[in-house]
Amino acid sequence: MSTTRIHQRFTLQAVERLKLRKQIETLFQTGEAFSVFPLRVVYQYLPERGEAEPSPVRIGFSIPKKRLRKAVQRNRVRRLLKEAWRLQKHALYAQVPATAQLHCFFIYTGNDQFTFPDAEKVVKKVMGRLLRIVNPAPESGQGETAAGANA
RNA sequence: CUACAAACCCGUGCUGCCGCUGCUCCUGUACAGGAGUGGAGGAAAGUCCGGACAGCACAGAGCAACGCACCACCUAACGGGUGGGAUCCCGGGCAACCGGGAUACAGAUAGCGCCACAGAAAAUAACCGCCGUAAAAGGUAAGGGUGAAAAUGUACGGUAAGAGCGUACGUUCUGUAGUGGUAACACUAUGGGAGGGCAAGCCUUGCGUGAUGAAAUGCCCAAUAGGCAAGCGAUUGAGGGCUGCUCGUCCGAUGCUUGCGGGUAGGCAGAUAGAGUGUUGCAGCGAUGUAACGCCCAGAUAAAUGGCAGCAGUCCUGCAGCAAUGCAGGAAUACAAAAUCCGGCUUACAGGGUUUGUAGUUUU
RNA sequence: GGUUUCGUAGUUCAAUGGAUAGAAUAGGAGUUUCCUAAACUCUAGAUACAGGUUCGAUCCCUGUCGAGACCA
């Protein structure tokens with residue numbers, strides 16, 4: 001299966017990113033969200049995916065112009081986030097079932113004081129939340145969140 | 001050599017690991033893997049101008065609106081640039097003049113409007129004064145304080161007192177002629193006229209502009225219904241054709257408008273070889289043009305060009321050294337990233353280089 | 001990517017090119033009250049920045065900076 005072929009490589013290819021306007025709009029209309037400063041994460045858990053979707057997760061990044069006016073600053077933050085996600089994504093990929101797909105969007109709400117260690121730390125925290133959403137522990141009540149995303 | 005100013009140029013490099021993306025080739029299965037090779041800027045920025053390009057009627061006329069405003073040249077074009085003229089400012093010089101800088105530099109004699117306070121008066125002037133007279137009426141603008149600005153400066157004549165009222169020399173506008181210059185303009189001669197300022201108040205004159213912008217535009221695929229209701233209209237023309245109005249003109253009947261309900265919104269082209277760029281020669285004071293030879297130099301689309309580490313470079317500081325330089329330290333290493341593409345302008349910018357000019361110091 | 005509007009006290013708004021930029025509210029001090037509120041008195045506080053036109057600029061012009069709104 002294609003999932004296993006890209007399993008252990010630290011890549012971030014086109015099929016692993018959110019690229020379709022329609023997918024993004026449904027994500028923002030029906031998805032749920034939580035915040036881990038300086039990120040706001042919008043996600044949606046899809047229990048089924050088509051044949052043309054080899055990746056278990058599709059990810060998107062957005063840095064609003066409100067706080068970071070210069071394009072250079074926004075590019076810098078987006079690239080740091082992409083890099084941190086690229087190096088940590090396999091923990092999540094291993095937990096998503098082969099038939100499901102998670103759509104996920106990161107919105108940056110901080111200022112321009114942002115370095116690569118910061119990005120690694122915050123992505124690690126977000127990863128912990130997403131792992132509980134995808135694979136809820138039996139004793140916790142996180143299962144209804146995934147059920148709500150199905151509707 | 002140092003400091004300052006101006007113009008122009010540069011504005012990090014190498015290695016390792018992990019990634020993104022365009023093109024070519026190879027391997028297999030739509031897609032993936034491998035190899036090779038390209039992958040942000042001087043401002044890519046602000047969006048302030050000008051174009052290319054695109055469809056829109058042949059993109060047609062008038063008004064309105066908007067823009068520009070000394071002259072010539074450059075340019076695809078420009079509100080940009082180059083050279084020149086005029087005026088003003090600064091420095092030097094006794095002066096002629098020299099050097100540098102600035103200029104939205106058409107018109108105030110087309111008209112309207114405005115000019116606070118003060119002042120008699122702020123633009124068809126008359127308070128004091130002067131003349132005049134018995135007193136008035138009247139004449140007058142030399143002198144007076146105010147104010148940013150006060151009715152052409154000086155001299156002589158003239159007069160009751162005065163006044164461009166007259167004359168001369170000036171200031172300034174303008175006509176004509178001559179000389180120089182492509183021209184703006186300068187100089188000379190001569191005629192005529194005017195007398196406050198503001199046109200970045202309205203405006204007048206001359207010149208120019210079709211508006212809309214790649215979310216333009218064309219094509220393919222998917223989806224679909226020839227849906228329901230109301231209204232208008234069918235050559236006596238509903239409605240429309242991308243500028244605000246008018247005209248002209250064109251299209252126009254399975255048509256148009258409104259409401260309800262429903263569907264699609266994915267991809268390709270546009271889109272990266274061009275007013276391109278490097279070197280040398282020639283023409284020109286210069287902007288620039290031209291010839292030969294060489295080069296190919298981003299093309300993404302929820303949006304690539306990155307992350308981490310090491311070494312070096314440049315700069316600063318300290319120490320050693322006559323010097324070249326060496327050693328140590330430094331979170332000093334900027335401003336900022338394409339979004340159809342070009343030409344400008346403006347703004348931001350650590351540090352460095354070249355040339356020219358000015359000033360100072362040292363040596364010969 | 002493009003179009004467009006606007007910047008005045010801490011805040012909401014005024015101000016034909018003309019003296020010291022005005023008002024409400026918020027702030028500070030005081031009077032009143034046993035204390036607070038209300039009321040009254042006093043007080044400090046601003047033309048986004050840089051040039052230009054003009055005798056004189058919040059106003060007119062130019063350029064920056066900043067804040068919004070709109071266009072599928």
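Here the structure is a predicted model, which means the values were calculated and not measured. Every chain is numbered from 1 and lettered A, B, ... according to where its sequence line falls, protein lines coming before strand lines. Side chains are part of it too, since the values below use all heavy atoms of this structure and drop only hydrogens, waters and symmetry mates.
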Next on the checklist: Measuring only between side-chain heavy atoms, which start at C-beta, is Trp85(A) closer than 4.5 Å to Met127(A)?
Outcome noted: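 Yes; the side chains approach each other to less than 4.5 Å.
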
Checklist entry - Heavy-atom distance under 4.5 Å between the side chains of Phe114(A) and Ile63(A), does that happen here? => result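 The answer is no, as the side chains (C-beta and beyond) never meet within the 4.5 Å cut-off.
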
[atom1] atom, [N] versus [M]: distance in rounded Å?
N	M	atom1	result
A199(B)	C60(C)	C1'	12 Å
U190(B)	U171(B)	P	14 Å
U21(B)	U355(B)	P	48 Å
A43(B)	C13(C)	P	43 Å
G195(B)	G170(B)	C1'	15 Å
A215(B)	G266(B)	P	14 Å
U243(B)	A64(B)	C1'	12 Å

If I take atom [atom1] in residue [X] and atom [atom2] in nucleotide [N], what distance separates them, rounded to the nearest angstrom?
X	N	atom1	atom2	answer
Glu16(A)	C31(B)	CD	C1'	14 Å
Ile63(A)	G306(B)	CD1	C1'	14 Å
Gln73(A)	A348(B)	CD	P	18 Å
Arg74(A)	A45(B)	CZ	P	13 Å
Lys65(A)	A67(C)	NZ	P	12 Å
Asn75(A)	G306(B)	CG	P	10 Å
Phe116(A)	A331(B)	CZ	P	22 Å
Arg78(A)	A303(B)	CZ	C1'	7 Å

Next on the checklist: Treating primed atoms plus P, OP1 and OP2 as sugar-phosphate and everything else as base, which nucleotides of nucleotides 15-23 of chain B get B, S or - for protein heavy atoms under 4.0 Å?
Outcome noted: ---BSS---

Checklist entry - Between the side chain of Arg74(A) and the main-chain N/O of Leu68(A), is any donor-acceptor distance below 3.5 Å? => result yes

Next on the checklist: Under a 3.5 Å distance rule, please check whether Ser35(A) uses its side chain to pair with a backbone N or O of Phe37(A) as donor and acceptor.
Outcome noted: no

Among [options], the one nearest [X] by side-chain distance:
X	options	value
Ile24(A)	A337(B), C308(B), A302(B)	A302(B)
Ala71(A)	A337(B), A304(B), G307(B)	A337(B)
Val72(A)	A336(B), A32(B), C308(B)	A336(B)

Tabulated below should be each protein N or O lying under 3.5 Å from an N or O of nucleotides 2-4 of chain C; please produce it.
none

Checklist entry - Which is it for Val42(A) and Leu27(A) under the side chain to side chain contact (heavy atoms under 4.5 Å, CB included) test, yes or no, and what are the steps along the way? => result CA-CA 7 Å; Val42(A) 182; Leu27(A) 171 62; 4.1 Å; yes

Checklist entry - Base, sugar-phosphate, or nothing for Phe61(A), non-hydrogen atoms under 4.0 angstrom? => result nothing

Checklist entry - RNA chain C: stems of at least 3 consecutive Watson-Crick or G-U pairs, cut-off 3.5 Å? => result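 Looking at RNA chain C, the stems formed by three or more consecutive pairs are C:1-7 with C:65-71, C:10-13 with C:22-25, C:27-31 with C:39-43, C:48-52 with C:60-64.
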
